[in-house]
Amino acid sequence: MQFEKKPEILAPAGTLDAIEAVVEAGADAVYVGGKNLNMRQHRMSYNLSDTEVADAIELAHSRGAKLYFTLNSLVVDSQLQQVRKTLEMLGKIGPDAIIVQDLAIAAMAREVCVHVPLHASTMLNVHNSESAMALKMTGFTRIITSRDIPLHEIRRIGEACGLEMECFVHGDMCISQSSQCYISGILFGESSNCGRCMKPCRWEWELVNKRGKEEFDGRVKGYLLARKDMCLLQHIPALVQNGIASLKIEGRMRTSEFLAPIVSLYRKAVDAYFDDPAGYSMNAADMEEAFSRRVREYTTAHTFSNPGLDGVDPSGKREPRFFSYASPEPKLTVVQNAESQPLRTTPDLVVQVSGSRAAEAAIEAGAGAVYLCGDGFVFHNGGFSVNWLQEFTRNAAGKNVRVAVMMPHVCDERDMAEWKHRITKLSSIANLGIGVSNLGGIQLARANRIRDIIADFPLNVTNSVTADELSTMGVTRITASAEMNFENLSRLLKTVRMPVEVVGQGPVTAMLLEHCVLAGAAGANPQGICPMYCRRGAYALQDTASNDFPLECDRRCRNHIFTATDVCVLGNLSTVAAAGIAGLRIEGQLDSFTTIATVTGIYRKAIDLLKAGQAPDIAGGLEEIRNATGRELSDGPFDFQALPAETKEHNLVTSPTNRA
């Protein structure tokens, strides 16, 4: 290791006073946000006006520090003009970088202010070197890595792509994978990907047994998802040795009195290490000072390994603020039979399943496309062989049915190595598509000459410019973000230039965790010697309003916490279809083949009747779906009840007599 360049100490600031304080305390760079379009929208007084941003840049530069501007929210089409104006402003005043989550903002920045470097937000959730290379080709110069991968993998990714690696070292951390938490957006209409998270993860939860023998002696009730705060002050040598270019402190909504001492501690530790690496040891008094200033208890999170129960604090004693409380999930917009106009376009009926028998049942029931889930849920993984898939895809093509294999929602370096092996085999199957959830997956599919590449909803497409960017990379169809309301979806469909699919039925992953709730409750570690309770029974997390959120473990021991109710657009099918969707997707990966046959058949019949100008039996269909799945139904993110009356005219109408 060459001790030639110290890692940058990057401090947050929400006010001009905070900028001055953290720079005086030793920060090499500061990151700030404007009044909108960033990931901290709850305290507007702690974000800067356009004039203040210019003053902030001048202030930082006068003290020899850099300033990075966070434009790191997802955006919808109606916000693109606002994005352009902000970028034009930034192009004139010259921040040292712009931190970006949405590819649309990156594309517009290359056009409007190409001279300003782009840093990939942690919300881009980079887990593998292929994704990093894709971002490098898109113009990014630095990656703020996923908070759920260990330090040695960050180093590997950095060496492979040649970009600067930045990682969080201190402050408030999410329990969920970056950008893979939709619970706030679905429950409250306040997206965690747009800086308005209502933090349901900080609620009190109870782990409840749904099937099988309950065997836990540990903690099954409490603040089970409450991640401790990050602190890597004791681990400066490891960060340096692994080539981390920037040490990022979280806390743009914190006061200067809170931030400056923390920055000073990291400044002192980095300088001391570079002064005498071989003689360096952590100053105990400094560590005591850090502890005295903690908000929550501390953890190193996933920096070195999965922390298990040590990564969360079920007691909730140090939670500083609760943004929301549990309440019943959104109701279903229930409709009655009514006259309906014939559909101008008929969407594909897409069904995602977990195994061969379910795939065959979906086609028999009328699916126009079948997707095979790649996450490998332990209780729902029917599996399939390459030989079966080859025959199945050939027979499906004869019936004009598309078939695709979906990659996991998260792909780290191990996943990518395994999928390189799998796709090499799958690429020989004619007419087979691949569904991808990260930019590296697109590169992998293209390298294997896959023609049909489906951008799955974890890629968080919310606007037409991002869709265009993915199309340029090789994507042939996109799945809209799982938390888009119908109003924003309608705008997207009017401007997008490629087929758009929508998740319209089934359970949606509300949170995706590297943390294992089951192992944590049992006091075990999923990456150590684990009793594997996930193979012994079915569980859910129950909130204080008695809503059960199903908890499913995948083959990599990641926890997928699903919504307490299934999204269901059956009662608004003609409205959704008339908006111009190319595919309506049923999430059936947790269901038996008989349930899939029932639900698919109901939607097939409803689509065919609407196409003929006839009204389907909505009330009967809803009851059949409830009985088949055993789950309740809701509008999910769509918020159909908020649609203006003229939008519903000639479509199915609300009935107060049907069950909500």
Considering only residues two or more places apart or on different chains, which pairs with a residue in residues 439-466 satisfy ring pair (Phe, Tyr, Trp, His ring centres under 6.0 Å)?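 Residue pairs passing ring pair (Phe, Tyr, Trp, His ring centres under 6.0 Å), neighbours aside: Y182-F457, H409-F457.
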Can you name the nearest heavy-atom pair linking D148 to E514, along with the distance?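 In this case the closest contact between D148 and E514 is OD1-CB, 3.9 Å.
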Passing candidate, side-chain contact (heavy atoms from CB on, under 4.5 Å) with M407, options L444, D415, I454, D456: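 For M407, the side-chain contact (heavy atoms from CB on, under 4.5 Å) check succeeds only for L444.
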Are [X] and [Y] linked by a side-chain donor-acceptor pair shorter than 3.5 Å?
| X | Y | value |
| --- | --- | --- |
| E483 | N193 | yes |
| R252 | N47 | yes |
| T466 | N463 | yes |
| N431 | T393 | no |
| S179 | N125 | no |

List the residues meeting ring pair (Phe, Tyr, Trp, His ring centres under 6.0 Å) with F562, not counting sequence neighbours, and say none if there are none.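 Applying ring pair (Phe, Tyr, Trp, His ring centres under 6.0 Å) to F562 gives F377.
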Should R110 and E469 count as an ion pair when the cut-off is N to O under 4.0 Å?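 Yes.
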Does the pair D566/R631 count as a salt bridge with the N-to-O cut at 4.0 Å?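 Yes, D566 and R631 are salt-bridged.
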Show me the donor-acceptor pairs, under 3.5 Å and distance only, between side chains in residues 398-406 and residues at least two apart or in other chains.
residue	atom	partner	partner atom	Å
R402	NH1	Y371	OH	3.2
R402	NH2	Y371	OH	3.2
R402	NH2	E501	OE2	2.9

So, using side-chain contact (heavy atoms from CB on, under 4.5 Å) as the criterion, who are the partners of A54 when residues are at least two apart?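 For A54, the residues satisfying side-chain contact (heavy atoms from CB on, under 4.5 Å) (neighbours in sequence not counted) are I93.
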Quick one: list whatever passes side-chain contact (heavy atoms from CB on, under 4.5 Å) with T345, sequence neighbours left out.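 Once residues adjacent in sequence are excluded, T345 has no partner under the side-chain contact (heavy atoms from CB on, under 4.5 Å) criterion.
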So does I453 get a backbone contact from the side chain of R446, meaning a donor-acceptor N/O pair under 3.5 Å?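 Checking the backbone N and O of I453 against the side chain of R446, no donor-acceptor pair under 3.5 Å is found.
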Residues in side-chain hydrogen bond (donor to acceptor under 3.5 Å, both in side chains) contact with H127, at least two apart in sequence or another chain: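 Checked H127 against side-chain hydrogen bond (donor to acceptor under 3.5 Å, both in side chains); matches are S146, Q177.
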